[in-house]
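Below: the structure, in structure tokens.
Below, read A as the first sequence line, B as the second, and so on, with proteins coming before strands; counting in each chain starts at 1.
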Amino acid sequence: MSTVFSEEQRDCLQELINVAMGLASDKLARFLNTFVHLQVPAIELVSSAQIPAQFEARYSNTEAALVSQGFLGNDGLRGEAIVLYQLDNAHRIAALLGYDTDSASELEMLTDISSILTTTFLNGLADQIDNALSYSAPRVLSSRQTNVSQALQETAFHWELALKVDISYQLIDHSFNCDMLLLIPGEAVSNIQHILDRILEEY
Amino acid sequence: MSEDWLTGPVLEQLNSGVLVVDEHLQLVYLNSFLQRHSSVQLSEVKGKSLFQVFTDVPEAWLRRKFASVLELQSPSFSSWEQRQYIIKLPHLRPVTSSSQYMAQNCTMLPLKDPAGRRYVCLLIEDATDAFVYQQHLQTTLEKLELSNRIDGLTQALNRRYWEEQLKLEVQRSQRYQQPLSLLLFDLDKFKQLNDQYGHLGGDSVLIELTARVRALLRDTDWFGRYGGEEFGVVLTNTALAGAIEVAERICLAVNSTAVTFHEQSIATSVSIGVAQLDAEGDRAHEVLIGQADIALYNAKREGRNRVVSFSEGETEFLLKAN
């Protein structure tokens, strides 16, 4: 099974992701009543074994959180979306979403934020390829006390390919960065390739 | 679709709650599961505000959740681990579960009718089983953690845990500049006692000794079994004079009354070494143990059943004499 994408497939995927990001930022802006600027996300396809090392440096000396959410669509599209961020960033967006830390626990806040980021983005992606996704409830894999790269290693182990999407949200008064990882199992990778090929044929 | 007839009965028989509200959060639908559990009839509440019907839901929180579902047209979730329930409902295991209300995993989904009107569907799954198992696990872990700290025979702290606490108390004492003292004591002639009364006799003396010592200590002191018949007490916020007083009381409590074992009276005594924390740095706790140990050694040399405190001069003298 080949997990290598052709150049056309990569370009096509990047384009889909750009549009999905645009849709997501539009929705978020309306929801938050503020201007949201999303940079064109840098995407990178890596074997999932390489993932923990890539994030080790960025998240090792800081309080970071890692939240996972499974997604499942038609045509064998499935995987696990992981949002990684530094916790002080999370508090910034929490304030924006109208959370006061008394009424919601930190874990609840984390899963909510991640779920919003993940589902708005992935729904945008699914819309473009005439697909529809359902989601599992978000789950905190690690926060504060546990080691991020270790938690990642345990998760990434089950997946063949990881699509790494660097996301940087900038709001008028705030900015924050997070990383989204789409971990995709082998057979779903070829399903994605089929989907991309189909789109490429149509144009 | 010819299978349309299915949806109704399945929805009604589903073992999960299904609730639908419109954009204004007014009730549109409740399935049987929810109607039965909450003793509410759909016909009576249709069109009413969700918060008017279910008065104890966390309103501000739920409004925010529903707003995000409607606005972003993407699902939102709530787990029993973070919020045990959204709507207070009884569960079907009133006997076997310790919790009063159904633990719930909830999903909030965006819906649109053919005319394009927007709704939110709230799915409520019963997670009481998971909740109960989690609680069992928690109690088991707590027991395990306790047994990890405790010496099985005497119920005093075990050496590893006791030493950890000593280390922490030494750091605390250094940071807050409060006095800290250590007692190390040893049952006198324990080998002889074991030979005479057997190991069960020896064990029962250790158990009784531990109980008597514990009765003399404060909640903030750390009492552990250091070795076979050797014990340690970390006395927080206590200077040498106070520590000597505690040690004298321990000596007396052990020696004044014999231990009864199989209708035999076993007379015992302890020798106690006392030291107050003086050293600085990372290894201060080791120095302190060393000093209390020297004092204990001297108490033995001076004839047992007594308290000796560590002081530089005296120790050197006795060590030289040795």
* To the nearest 0.5 Å, how far apart are OG in B:S74 and CZ in A:F121? -> 13.5 Å
Check: residues 23-31 of chain B side-chain donor-acceptor pairs under 3.5 Å, at least two apart:
{"unit_1": "B:E23", "atom_1": "OE2", "unit_2": "B:R118", "atom_2": "NE", "d": "3.2"}
{"unit_1": "B:E23", "atom_1": "OE2", "unit_2": "B:R118", "atom_2": "NH2", "d": "2.8"}
{"unit_1": "B:Y29", "atom_1": "OH", "unit_2": "B:E12", "atom_2": "OE2", "d": "2.4"}
{"unit_1": "B:N31", "atom_1": "OD1", "unit_2": "B:V18", "atom_2": "N", "d": "3.1"}
{"unit_1": "B:N31", "atom_1": "OD1", "unit_2": "B:L34", "atom_2": "N", "d": "3.3"}
{"unit_1": "B:N31", "atom_1": "ND2", "unit_2": "B:L11", "atom_2": "O", "d": "3.1"}
{"unit_1": "B:N31", "atom_1": "ND2", "unit_2": "B:S16", "atom_2": "O", "d": "2.9"}

* Asked: Given that the side chain runs from C-beta out, which part of B:T107 has a heavy atom under 4.5 Å from chain A: side chain, backbone, both or neither?
  -> neither
* Under 4.5 Å from any heavy atom of chain B - which part of A:T118 -> neither
* Asked: Of the backbone (N, CA, C, O) and the side chain (C-beta and beyond), which part of B:Q73 lies under 4.5 Å from a heavy atom of chain A, both, or neither?
  -> both
* Asked: Among all residues two or more places apart in sequence or in another chain, which pass the side-chain hydrogen bond (donor to acceptor under 3.5 Å, both in side chains) test with B:D113?
  -> B:R117, B:Y119
* Qualifying residue for side-chain hydrogen bond (donor to acceptor under 3.5 Å, both in side chains) with B:W222, from B:E163, B:Q165, B:E169 -> B:E169
